[in-house]
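First the proteins, then the strands, lettered A, B, ... as listed; each starts at 1. Just so we're clear, the structure is a prediction, and the values are computed from it rather than from any experiment. These values consider heavy atoms only, across backbone and side chains, with no hydrogens, waters or symmetry-generated copies.
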Protein chains: 2
Amino acid sequence: MTLIWSKACFQTETIFDRSSGGGSDMANVAAKREISSAESEELSREAKRAKGDNKNGEESGNEPEWKNILSTFTTSSVLSDSAREKIMFLHGKIAGDEAVVVLEKTPIREDSLAELFKDSKLRLDMRNDIYSSYRLQAPPHLNEIKTTVVCPATEKHVKKYRRQESFLVEETGDDYRSITLPYVQQQSLSLQWVYNILEKKAEAERVVYDDPDPEVGFVLLPDLKWDQKQVDDLYLIAIARQKDIKSLRDLSSEHLPLLHNIFHKGKAAILERYNLPASKLRVYLHYQPSYYHLHVHFTKLGHDAPGCGVERAHLLADVIQNLQADPQFYRTRTLWFPLRADDGLLGRFKEAGRL
Amino acid sequence: MTLIWSKACFQTETIFDRSSGGGSDMANVAAKREISSAESEELSREAKRAKGDNKNGEESGNEPEWKNILSTFTTSSVLSDSAREKIMFLHGKIAGDEAVVVLEKTPIREDSLAELFKDSKLRLDMRNDIYSSYRLQAPPHLNEIKTTVVCPATEKHVKKYRRQESFLVEETGDDYRSITLPYVQQQSLSLQWVYNILEKKAEAERVVYDDPDPEVGFVLLPDLKWDQKQVDDLYLIAIARQKDIKSLRDLSSEHLPLLHNIFHKGKAAILERYNLPASKLRVYLHYQPSYYHLHVHFTKLGHDAPGCGVERAHLLADVIQNLQADPQFYRTRTLWFPLRADDGLLGRFKEAGRL
């Protein structure tokens with residue numbers, strides 16, 4: 001079950017986005033890890049149902065049909081890759097059908113180390129004083145490559161996996177009102193999934209903390225990127241109950257009680273539930289956000305969460321300090337953020353001659 | 001030569017830090033990638049000299065001596081690992097000697113894809129509609145594990161690789177003057193390598209741009225973490241010529257001409273040399289910095305450079321805006337930053353009851 005679930009996660013994480021369609025994610029592999037709740041649940045159920053098939057597949061050894069299919073895979077292009085994460089996204093064809101193939105090396109497993117050292121071949125590359133380096137050739141079953149296939153793939157799949165360049169955009173307060181705000185309003189994408197969470201119509205069993213106050217209240221729940229198996233990559237989201245705050249840009253000093261409440265009660269709830277003190281947390285907002293309903297990210301310090309870079313994240317403690325010093329700070333200041341090449345908002349900035 | 005160099009880089013990147021000893025790096029694998037210039041050059045030369053040995057090693061196939069040594073490696077603990085980066089740092093013993101072994105899966109190579117698909121075995125794990133996932137077992141020579149050995153290793157090596165928890169520290173302006181500044185002054189670690197660069201006594205051939213003005217001048221050069229082979233992970237450092245600016249905390253509006261100069265001429269030099277426009281750059285300062293002489297980081301947007309997280313990085317554009325709004329901004333505001341558990345400065349904050 002655990003194995004199946006982690007596979008379903010990988011698949012859904014890399015296929016779907018949880019957003020209101022702003023598309024302002026960074027153009028990297030990690031950014032592909034946002035997911036729609038409904039889609040996730042559906043796929044999780046599908047994956048569990050597929051468990052029987054899976055077992056059959058394992059018991060019968062290699063599946064000749066699919067073995068043949070991948071051995072005839074012809075690569076037409078590398079859509080994206082990461083040398084750091086040892087992952088590659090390929091576009092090509094399998095027996096005439098469009099296909100996307102994702103290859104990702106598996107993490108090194110502590111429980112197979114003894115066998116790995118015993119049964120591998122080593123070739124010396126360099127030796128210098130107390131330092132030496134080798135290429136180690138491991139038995140194949142100890143060094144697998146996770147392979148995901150989408151076939152037949154649509155143009156949408158191909159576009160989704162293609163590396164998108166990001167551009168840093170400079171947005172003055174006037175730019176926000178004349179370019180960004182009209183764009184966001186025109187998109188008017190559904191926030192129904194957010195309201196479902198706030199009204200306990202969905203994901204109620206996942207809620208970690210709920211403050212029902214209509215002014216300063218919020219719901220705290222694990223982000224779907226976090227599998228909740230270990231606190232090392234802890235990631236929760238606090239969603240404000242107030243519905244009229246689109247983003248950082250709408251905040252003024254009148255929202256300080258709300259921000260203080262989320263900051264303090266969120267940290268307290270995480271300490272109580274996960275035994276993780278505030279000094280181990282990175283608490284921040286995104287600008288641009290993925291969806292235009294105020295929410296705050298809580299991630300573990302030291303976990304390289306997607307979107308925690310200085311170009312998109314704003315520490316909540318700093319936001320509070322800035323609003324205390326200047327009630328209109330976020331309505332008047334210039335803000336910088338990355339937009340992907342295919343983001344409609346980037347087009348608007350270009351049209352306005354601001355890029 | 002290229003192969004040898006990349007190996008030497010890996011080795012030195014994971015062994016040495018380029019810093020004045022502040023030790024405020026984040027406790028992650030990436031943070032181990034800072035390097036002392038002198039040590040780097042020395043090791044690079046050593047690695048080149050070792051090339052003959054290397055060839056001999058390759059030609060004679062496996063080295064029985066070392067093969068035996070690693071096959072008898074006994075792991076005493078996992079010092080740190082990253083499932084995302086597929087890397088693991090181990091502490092153990094080889095024939096009675098203390099040893100550190102680093103295992104890192106190699107990036108997927110585009111030039112071996114055809115052979116990989118043709119000669120691998122596939123096992124189906126899950127199939128669901130157009131999505132399916134597999135475990136792929138590749139021929140060992142197409143799926144090697146980079147292995148670095150330090151033996152005999154000292155306690156210092158072991159400590160260096162051990163995962164260090166980070167703690168987020170809150171520093172008011174008063175905390176800076178009563179805790180941080182005295183600590184930094186007491187450490188008074190050598191900045192000779194910085195002065196060598198400014199005076200062209202070292203690394204002169206690496207300089208990308210040099211503005212000799214004593215007030216607003218700076219030297220721009222590639223960071224040692226960047227191998228300069230592709231702009232995807234571009235990383236340069238601008239080092240101010242003024243010697244009396246320790247960090248962000250020393251900046252006031254009088255430094256605006258210097259900051260503007262670094263910002264504009266740095267971006268122009270990168271456009272000219274690397275054809276990378278300013279909209280593809282993330283330009284920022286660290287607080288705490290690794291060494292207390294003002295320097296600015298230029299990294300490619302979309303490259304997940306170590307230390308670009310919101311908890312440590314400050315966009316230069318934002319720093320300029322803040323100083324324009326309040327000349328004493330960075331002398332009076334509260335700043336947050338992570339410190340590793342073994343950082344002496346963290347001890348001072350604890351002693352002062354500030355953590």
Side-chain angles (χ1 to χ4, degrees), chain A residues 7 11 27-28 46 50 53-54 57 62-63 67 70-71 73 75 78 83-86 88 103 105 107-108 110 113 117-118 121-122 124-128 130-137 140 143-145 147-150 166-168 279 282 284 301-302 308-311 313 315 317 336 338, chain B residues 7 11 27-28 46-47 50 53-54 57 62-63 67 70-71 73 75 78 83-86 88 103 105 107-108 110 113 117-118 121-122 124-128 130-137 140 143-145 147-150 166-168 279 282 284 301-302 308-311 313 315 317 338:
Chain A
K7 277 156 206 157
Q11 175 185 316
N28 59 27
E46 293 277 345
D53 296 346
N54 172 41
N62 306 327
E63 295 243 312
K67 160 94 170 125
L70 263 194
S71 69
F73 176 76
T75 305
V78 175
R84 183 176 168 194
E85 300 182 30
K86 287 81 180 178
M88 186 175 271
L103 301 173
K105 300 220 173 171
I108 294 164
E110 192 180 349
L113 287 174
F117 286 124
K118 197 171 130 291
K121 291 201 300 180
L122 271 186
L124 180 69
D125 268 337
M126 195 275 295
R127 192 182 299 170
N128 176 1
I130 60 169
Y131 308 105
S132 52
S133 72
Y134 304 83
R135 286 174 288 152
L136 181 149
Q137 296 189 349
N143 190 18
E144 296 179 324
I145 300 177
T147 304
T148 306
V149 177
V150 185
S166 285
F167 297 85
L168 196 72
S279 63
R282 184 200 288 120
Y284 55 100
L301 200 67
C308 75
V310 64
E311 69 274 24
L315 284 184
W336 292 264
Chain B
K7 276 157 204 156
Q11 175 186 315
N28 59 26
E46 294 277 344
D53 296 344
N54 171 43
N62 305 327
E63 295 242 313
K67 161 94 170 124
L70 262 194
S71 70
F73 177 75
T75 305
V78 175
R84 185 175 167 195
E85 300 181 31
K86 287 81 179 176
M88 186 174 272
L103 301 173
K105 300 220 173 173
I108 294 164
E110 192 178 351
L113 286 175
F117 285 125
K118 197 171 130 294
K121 291 201 301 181
L122 270 184
L124 180 69
D125 267 338
M126 194 275 294
R127 191 182 300 171
N128 175 4
I130 60 172
Y131 308 104
S132 51
S133 72
Y134 304 84
R135 286 175 287 154
L136 182 148
Q137 295 189 350
N143 190 18
E144 294 179 325
I145 300 176
T147 305
T148 306
V149 177
V150 185
S166 284
F167 297 84
L168 196 72
S279 63
R282 186 200 287 120
Y284 54 99
L301 201 67
C308 74
V310 63
E311 69 274 24
L315 283 184

Study note, to complete from the structure: Nearest heavy-atom approach of B/Leu103 to A/Ile108 is O-CD1, 3.3 Å
Practice item. Could you pull out the closest heavy-atom pair between B/Pro338 and A/Leu301, with the gap in Å? Key: CB-CD2, 4.0 Å
Study note, to complete from the structure: Closest non-hydrogen contact found for A/Pro107 with B/Ala83 is CG-O, 3.7 Å
Exercise for review: Supply the atom-to-atom distance A/Lys105 NZ to B/Asn143 CG, rounded to the nearest 0.5 angstrom.
Suggested key: 4.0 Å
Study note, to complete from the structure: OG1 of A/Thr147 to CD of B/Gln137, rounded to nearest 0.5 Å, is 10.5 Å
Practice item. Mind ranking B/Met88, B/Glu144, B/Glu110 by heavy-atom pairs under 4.5 Å with chain A and telling me who comes out on top? Key: B/Glu144
**Study point:** Per-residue contact mode, B/Leu113 against chain A (heavy atom under 4.5 angstrom)
**Key:** side chain
Study note, to complete from the structure: With chain B, the option among A/Leu168, A/Val78, A/Ile145, A/Leu315 that has the most non-hydrogen atom pairs under 4.5 Å is A/Ile145
Review point. What are the two closest heavy atoms between A/Val310 and B/Ala313, and how far apart are they?
Key: CG2-O, 3.3 Å
